[in-house]
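Report on the following structure.
Residue numbers begin at 1 in each chain, while the letters A, B, ... track the order of the sequences. Note that these values count all heavy atoms, side chains included, but never hydrogens, waters or copies made by symmetry.
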Amino acid sequence: MSALRSIRGMNDVLPDDSHRWQYLEAVVVSVLDSYGYSEIRMPLVEPTALFSRSIGEVTDIVEKEMYSFEDRNGDSLSLRPEGTAGCVRAAIQHNLLATPARLWYRGPMFRYERPQKGRQRQFHQIGAELFGYAGPDADAELIFLLARLWRRLGLQNVVRLEINSIGSLDARAAYRSALVNYLSAHHDELDEDSQRRLQSNPLRILDSKNAQTQGLLDGAPALQEYLDDESREDFVRLCAYLDAAGVAYTVNPRLVRGLDYYNKTVFEWVTDELGAQGTVCAGGRYDGLVAQLGGKATPGVGFAMGVERLLLLIEALDLFPAEPVPSMYVMAMGDAAEQRATACVEKLRDTFPDLGITRHLGGGSFKSQMKKADRSGAQLALLWGEDEVAAGEVTIKPLRGDGEQQRLPEEQLSERVQALLE
RNA sequence: GUGGCCGUAGCUCACCAGGUAGAGCACCGGAUUGUGGCUCCGGAGGUAGGGGGUUCGAGACCCCUCGGCCACCCCA
């Protein structure tokens, strides 16, 4: 019988990697904290309708990438493909929007896609949502927060910001039909994918990778010309905030997002280090979403970052801090010594609650125990054998540097450890 | 969903006119019967992703399948 394995595109995070996840998460959380954002935890499963209504019926995510199923009641449920919809749903449900709110979330998201580097079926996002502010100062806050995060992670030079305004829903609809008009006249010159998108999601043609299609777009009506006044003014003000703060960006007039709920400001942080899946964080404004999901009309802006992609980036640039190693490794030989060692170590843990102490288990020769001590990376080795037990002593040996090992009465152990670790 | 490349020990890889597998690292043990890091010696570890076919004989060739990578697509 063949061994069971994890589902394609859904990976285990092994001990070597989990330290890296913890590092990234800790830095992100500390920046979010410092801007006054609070964590919210939503279920992984929501009513399917939540996603089709918010992300959009005809988007790829809803049409062919969701893990949807019927529960035993016959209700259609889906594994969340993204976090914003659930966050908005929760905020409405628990009346979090009566006053402005700063929220963040993290966790796995699920999309049935072909796995590739930087893209898996269960992937993780950390996102933030800012509710109740319609002005570009709110957009700017999120971008500043992210710029600060990249600096904290050492990524400021490998990640670049692209921004755009896609206008109000009305402006977008007007532009959309103008674009469809223009492109329909050139239908045969479009690549196959873009011909399909002409029906399903015409705005996505703007960021087609096909050279001929891009050439065609040079003569197409421009989104900016259709922007409503308010969107245009807000965008100018956002750019002014960024300029004043010295946050570099490029305006990408062809940047659109794949989810229907966005309006006005959209932005992406992109890197060239990761190949095709180079978008590491993306977001935008969604002023209509709360009302659309049944809440009182409330403006919102947010972003989500891809944890695996950021991890890949930090790894590629070798920016992870050194992995934690224990401070001490404790060995013993013989029953009596095992007892003494265990008792003393537990006392040591009382005295030094934060110290990393690895107790050797499983016996073996001193030689093999010492080898394990060395490989653990510990600074100090503690050792009990027959001689030590008989004398009420313990051997303490520095593993790094050139200090000599010594034997001392057990009562002096704490003091000595203190001194050696300073 | 589409196209291409790939899948041999825990890891990185080799062998290959098709003649039933090998190295380095890691691991375990010994040289040093109470002491690591260096060195030397030895050991364990593989149904060659899985299944089927061609063949006297297949890890090598063919098909299917699973998985990985790259690009498209999609998006974080």
What distance, rounded to whole Å, do you find between the two C1' atoms, one in B:U2 and one in B:C62? 24 Å
With heavy atoms under 4.0 Å as the rule, sort A:Gly377 into base, sugar-phosphate or nothing. nothing
Nearest-Å distance once atom C1' is located in both B:A44 and B:A9: 11 Å
A:Leu399 CG - B:G37 C1' separation (whole Å): 9 Å
Which nucleotide, B:C74, B:G68, B:G36, lies nearest any side-chain atom of A:Glu65? B:C74
Of the listed B:A76, B:G36, B:C69, the closest approach to the A:Thr279 side chain comes from B:A76
Contact class for A:Gln277 (heavy atom, under 4.0 Å): base, sugar-phosphate, or nothing? base
Nearest-neighbour nucleotide for the A:Glu113 side chain, B:C72, B:C74, B:G36 considered: B:C74
Which residue is it: A:Glu393, A:Lys397, A:Arg416? I am looking for the one with a side-chain hydrogen bond (donor to acceptor under 3.5 Å, both in side chains) to A:Gln406. A:Arg416
Whether A:Arg5 contacts B:G49 is assessed here as follows: a side-chain N or O lying under 4.0 Å from the phosphate OP1 or OP2. Is that the case? no
Indicate, yes or no, whether a donor-acceptor pair under 3.5 Å links the base of B:C74 to the side chain of A:Arg119. yes
Using the C1' atom on both, measure B:G50 against B:G7 and round to a whole Å. 11 Å
Of A:Tyr262 and A:Gly401, the one whose closest nucleotide on RNA chain B sits nearer the 5' end is A:Gly401
Pick the C1' atom in B:G18 and in B:G57, then give their distance to the nearest Å. 8 Å
Hydrogens and angles aside, do A:Glu268 and A:Thr279 bring a side-chain donor and acceptor to less than 3.5 Å of each other? yes
Taking atom types as modelled and ignoring hydrogens, do the side chains of A:Asn263 and A:Ser168 form a donor-acceptor contact shorter than 3.5 angstrom? no
Can you tell me the distance, in whole Å, between the CG atom of A:Leu79 and the C1' atom of B:A76? 17 Å
Can A:Arg340 and A:Glu338 be counted as an ion pair, charged N to O under 4.0 angstrom? no
Under a cut-off of 3.5 Å for both distances of each Watson-Crick or G-U pair, what dot-bracket string does RNA chain B give, using [ ] for crossing pairs and | for inter-strand pairs? (((((((..((((.....[..)))).(((((.......))))).....(((((..]....))))))))))))....
A:Glu308 CD to B:A76 P, in whole Å, measures 14 Å
Using a cut-off of 4.0 Å on non-hydrogen atoms, how would the nucleic acid contact of A:Gly275 be classed: base, sugar-phosphate, or nothing? sugar-phosphate
Please confirm whether the shortest side-chain N or O distance from A:Arg197 to OP1 or OP2 of B:C74 is below 4.0 Å. yes
How many Å lie between CZ on A:Arg121 and P on B:C69, as a whole number? 12 Å
Between B:C11 and B:C66, how far is it from one P atom to the other, in whole Å? 22 Å
No-hydrogen, no-angle side-chain donor-acceptor test under 3.5 Å, A:Tyr329 and A:Asp374: no
How close or far is atom C1' of B:C72 from atom CG of A:Asp207, stated in whole angstroms? 14 Å
B:C75 base to A:Arg204 side chain: any donor-acceptor pair below 3.5 Å? no
In whole Å, measure the gap between the C1' atoms of B:G10 and B:A48 for me. 16 Å
Would you mind telling me which of B:A76, B:G36, B:C73 lies closest to the side-chain atoms of A:Leu259? B:A76
Whole-Å distance, A:Asp60 CG to B:C73 C1', equals 8 Å
When you check every protein heavy atom under 4.0 Å of nucleotides 28-34 of chain B, what one-letter string (B, S, -) results, 5' to 3'? SS----B
Looking at A:Arg196 and B:C73, is any side-chain donor or acceptor paired with a base atom of the opposite kind under 3.5 Å? no
Within the 3.5 Å criterion, strictly below it, is a donor on A:Glu323 or A:Tyr23 matched to an acceptor on the partner's side chain? no
Contact class for A:Ala373 vs. all strands (heavy atom < 4.0 Å): base, sugar-phosphate, or nothing? nothing
Closest-nucleotide mapping onto RNA chain B: is A:Gly118 or A:Ile7 further toward the 5' terminus? I mean the 5' end. A:Ile7
Less than 3.5 Å apart, any donor N or O on the side chain of A:Arg197 or A:Ser200 sitting next to an acceptor on the other? no
Rounding to the closest angstrom, what is the interatomic distance between B:U47 and B:U8 at atom P? 13 Å
Output, in order, the C-alpha distance, side-chain angles, deciding distance and verdict of ring-ring contact (aromatic ring centres under 6.0 Å, His included) for A:Tyr182 and A:His186. CA-CA 7 Å; A:Tyr182 170 82; A:His186 301 273; 4.7 Å; yes
Quick check for you: among B:G68, B:G1, B:C72, whose closest atom lies nearest to any side-chain atom of A:Tyr112? B:G1
Taking only side-chain N and O atoms of A:Arg8, does any of them lie within less than 4.0 angstrom of OP1 or OP2 on B:G67? yes
Could you tell me how far apart A:Asp191 (CG) and B:U2 (P) are, to the nearest whole angstrom? 18 Å
Rounded P spacing from B:A60 to B:A21 in Å: 14 Å
OP1 or OP2 of B:G1 sitting under 4.0 Å from any side-chain N/O of A:Lys64? no
Side-chain donor/acceptor of A:Gln125 to backbone N/O of A:Val307, under 3.5 Å: no
With a 4.0 Å cut-off on N to O distance, would you call A:Glu39 and A:Arg106 a salt bridge? yes
Do A:Glu388 and A:Thr395 meet the criterion of a side-chain donor-acceptor pair at a distance under 3.5 Å? yes
Separation of A:Asp12 atom CG from B:G10 atom C1', in whole Å? 16 Å
Flag, side chain of A:Gln339 to backbone of A:Thr342, donor-acceptor distance under 3.5 Å: no
